[in-house]
Amino acid sequence: EAFTASTVLGPWGEFFKLSVEHESNGVLHALLLRVLTVFGDSEVLLRSLSVLSLVALVPIVGAIGWRLASPRVGVLASALLVVNGSVAANAQNARTYALSMLMAGLATLLFVLDVERPRRATLLGWSLCCVLLAYAHIVGVLLVLCHLVSLWFLPRSQRTVRRRVI
């Protein structure tokens, strides 16, 4: 967290140099935090992006469970996310993990919506979330790969979605 604070609160030139040369993970997170420092540089402010990201993730996880299984599963998934100790720990850190989880959840929800009912808006939203996820944390690219691989397991009636996305 001290590294995040020093990166975000330092001069812009150092911020870009560090982002490009050394810290490939979390460029999006650091940039958003950098913008937030207009309002101050308190510890609470530096952690607020993580808290807000995970609060926004709760209904997204519920919607994914609702779409893939049932309303009951959606509510249960959201509840389990809220009481998960690891998620709570990430909400308290000024690191990129909470933002990465938000982007991954949003990308998954948009992917599910596009498979259910293909539309240009959901495909563009999914693409944007995937790009932002890669800038939030490079390991998030694996989720994009999982989404694309899952298209091969669609029933014949939904093969047009596979051709459209790939």
With sequence neighbours excluded, residues passing side chain to side chain donor-acceptor pair (under 3.5 Å) with Thr108: His147
Shared hydrophobic cluster, [X] / [Y] (ILVMFWY, side-chain heavy atoms < 4.5 Å):
X	Y	value
Val112	Val73	no
Leu81	Leu52	no
Leu128	Leu102	yes
Val58	Trp66	no
Val144	Leu154	yes

Distance-minimising heavy-atom pair for Leu54 and Ala98: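 Minimum heavy-atom separation between Leu54 and Ala98: CG-CB, 3.6 Å.
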Considering all heavy atoms, the nearest Ile64-Gly105 contact: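 Closest pair (atom of Ile64, atom of Gly105, distance): CD1-O, 3.4 Å.
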When rounded to the nearest 0.5 angstrom, what distance separates [atom1] in [X] from [atom2] in [Y]?
X	Y	atom1	atom2	result
Leu132	Ser100	CG	OG	11.0 Å
Ile60	Met101	CD1	CE	11.5 Å
Cys129	Phe111	SG	CZ	13.0 Å

Look only at the side chain of [X] and the backbone of [Y], and say whether a donor-acceptor pair between them is shorter than 3.5 Å.
X	Y	result
Thr96	Ala136	yes
Asp114	Trp126	no
Thr122	Leu113	no
Ser50	Asn93	yes

Candidate pair Leu133 and Leu143, rule side chain to side chain contact (heavy atoms under 4.5 Å, CB included), full reasoning: CA-CA 9 Å; Leu133 175 59; Leu143 179 72; 3.9 Å; yes
Among Asn84, Val82, Leu76, the one residue meeting side chain to side chain contact (heavy atoms under 4.5 Å, CB included) with Leu80: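 Checked Asn84, Val82, Leu76 against Leu80; only one passes side chain to side chain contact (heavy atoms under 4.5 Å, CB included): Leu76.
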Side chain to side chain contact (heavy atoms under 4.5 Å, CB included) assessment of Tyr97 paired with Asn90: CA-CA 7 Å; Tyr97 308 117; Asn90 281 319; 3.7 Å; yes
With sequence neighbours excluded, residues passing side chain to side chain contact (heavy atoms under 4.5 Å, CB included) with Leu124: Arg120
Salt bridge (charged side-chain N to carboxylate O under 4.0 Å, His left out) pairs, two or more places apart, involving residues 65-86: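 Passing the test, one end in residues 65-86: Arg67-Glu116.
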Derivation of the side chain to side chain contact (heavy atoms under 4.5 Å, CB included) call for Val87 and Leu57: CA-CA 10 Å; Val87 172; Leu57 181 62; 5.8 Å; no
